[in-house]
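Okay, so here's the structure we're looking at.
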Amino acid sequence: MADNRSAKSQQEEEERIELIRDMAFTDETEPDEKTLRKRERAKRRAEKEAKEAEKTPKQVFFEYVRIVISAVAVALFLLLVVFFNATVPSGSMNPTISQGDRLIGFRLAYVFSDPKRGDVAIFKCPEEGEDYDSYFVKRVIGLPGEVVSIQAGQVIITKENGETLYLNEDYLKEVPDINAFNGQSWVLGRDEYFMMGDNRNNSHDSRYFGAVTKKRIKAKVIWRYWKGFKSFKRPVYD
């Protein structure tokens, strides 16, 4: 950094010397365009330096305050409008996400598009009770208009067109309990999503509290930045 400043100062000094040399000519010829540009740069630089030198300590202080306030405003805008910072309190998404991981979600992901099957999303829990409106992190499994069924641990999706999809979930921590929710089905409304944890045998999710509406889904998880950087890609099911 010091070398850059030194080189810049040397360049400015050389420009000044060359400008003085150009202005020292006593002939009556008009200065060329290059000389005019140099004079203009030197003039602007001198004016800027003069203004900086005239600043009072109070003016300098308020300039720094303005810079700090601007930086804080930008940071708040990013956190409240663009990104979602989350710390994972449980292991319900193991092994994809572990307890204590810190994540960055993209709040604008679903403003102009809908959640996709396989997305890892942050949403507000709809269940009445102590968890109501708490932020959960789960995977999108069922989409609006579909029927989600579980048979011996296997998740089966019946799409609106009648097509049946047996989800191949190689991201699961372990083989799901074949007796858990066996034979149960959930019919999703036009604006409802079925959310499930990857740690299927230890996850409090839509199997317990039902579907989640789109307005409750606040962000799509894109990165883990604590305990090692990781980006999240949507698995392919179809």
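Model, not experiment: these values are computed from the prediction. Residues: numbered from 1 along the sequence shown.
Put simply, the side chain of Lys218 never gets that close to the backbone of Arg216: no donor and acceptor are under 3.5 Å apart. Panel note: side chain Ser206, backbone Gly210; a donor-acceptor pair is recorded below 3.5 Å. With hydrogens and angles disregarded, no donor-acceptor distance shorter than 3.5 Å links the side chain of Glu127 to the backbone of Tyr132. Panel note: side chain Asn199, backbone Gly91; a donor-acceptor pair is recorded below 3.5 Å. In terms of modelled atom types and a separation under 3.5 Å, the side chain of Asn201 and the main chain of Val175 share a donor-acceptor contact. Side-chain atoms of Lys220 do not come within 3.5 Å of backbone N or O of Lys116 as any donor-acceptor pair. With Ser98 contributing its side chain and Asn94 its backbone, the two residues share no donor-acceptor pair below 3.5 Å. Here the side chain of Asp119 pairs no donor or acceptor atom with the backbone of Val140 at under 3.5 angstrom. Arg207 contributes a side-chain N or O that, together with a main-chain N or O of Arg200, makes up a donor-acceptor pair within less than 3.5 Å. In terms of modelled atom types and a separation under 3.5 Å, the side chain of Lys124 and the main chain of Lys215 share no donor-acceptor contact.
A pairwise comparison of heavy atoms in Ile217 and Ala121 identifies CG2-CB, 4.0 Å as the closest pair. Here the closest non-hydrogen pair linking Tyr237 and Leu165 is O-CD1, 3.9 Å. The minimum heavy-atom distance between Ile141 and Leu167, with the atom names listed, is CG2-CD1, 3.7 Å. Across all their heavy atoms, Gly105 and Ile122 have their closest contact at CA-CD1, 4.5 Å. Considering every non-hydrogen atom in both Lys138 and Ser203, the closest pair reads NZ-OG, 3.1 Å. Summarising the geometry of Phe136 relative to His204, their closest heavy-atom pair is CE2-O, 3.8 Å, with the distance given to 0.1 Å.
Remark: Tyr225 OH is packed, more than 12 non-hydrogen atoms of other residues, nucleotides or ligands lying under 6.0 Å away. Dense packing is recorded around CH2 of Trp186, with more than 12 heavy atoms of other residues, nucleotides or ligands lying under 6.0 Å away. Within a 6.0 Å sphere centred on CZ of Phe229, heavy atoms belonging to other residues, nucleotides or ligands number more than 12.
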- List the steps and the verdict of side-chain contact (heavy atoms from CB on, under 4.5 Å) for Lys230 and Thr96. CA-CA 10 Å; Lys230 179 180 180 179; Thr96 307; 4.0 Å; yes
Does the pair Ile156 and Gln151 meet the rule for a side-chain contact (heavy atoms from CB on, under 4.5 Å), with working shown? CA-CA 7 Å; Ile156 305 169; Gln151 295 291 339; 3.7 Å; yes
Go through the steps for Val82 and Phe106 under the test side-chain contact (heavy atoms from CB on, under 4.5 Å), then give the verdict.
-> CA-CA 6 Å; Val82 181; Phe106 185 43; 3.8 Å; yes
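Ion pairing between Glu169 and Arg139 fails under the 4.0 Å rule for side-chain N and carboxylate O. A salt bridge links Asp101 with Arg224: at least one charged nitrogen is closer than 4.0 Å to a carboxylate oxygen.
Side-chain atoms of Ile157 and Val147, non-hydrogen and from C-beta on, never get closer than 4.5 Å to each other.
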Going by atom type alone, with no hydrogens or angles, which donor-acceptor pairs under 3.5 Å involve a side-chain atom of residues 187-196 and a protein atom two or more places apart or on another chain?
{"from": "Arg190", "atom 1": "NH1", "to": "Glu160", "atom 2": "OE2", "distance (Å)": "2.3"}
{"from": "Glu192", "atom 1": "OE1", "to": "Gly189", "atom 2": "N", "distance (Å)": "2.7"}

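Relative ring orientation between Phe209 and Phe123 is described as tilted, the plane-to-plane angle lying within the 30° to 60° band.
There is a path of hydrophobic side-chain contacts, each under 4.5 Å, that joins Ile222 to Phe112.
The aromatic ring centres of Tyr208 and Phe181 sit less than 6.0 Å apart.
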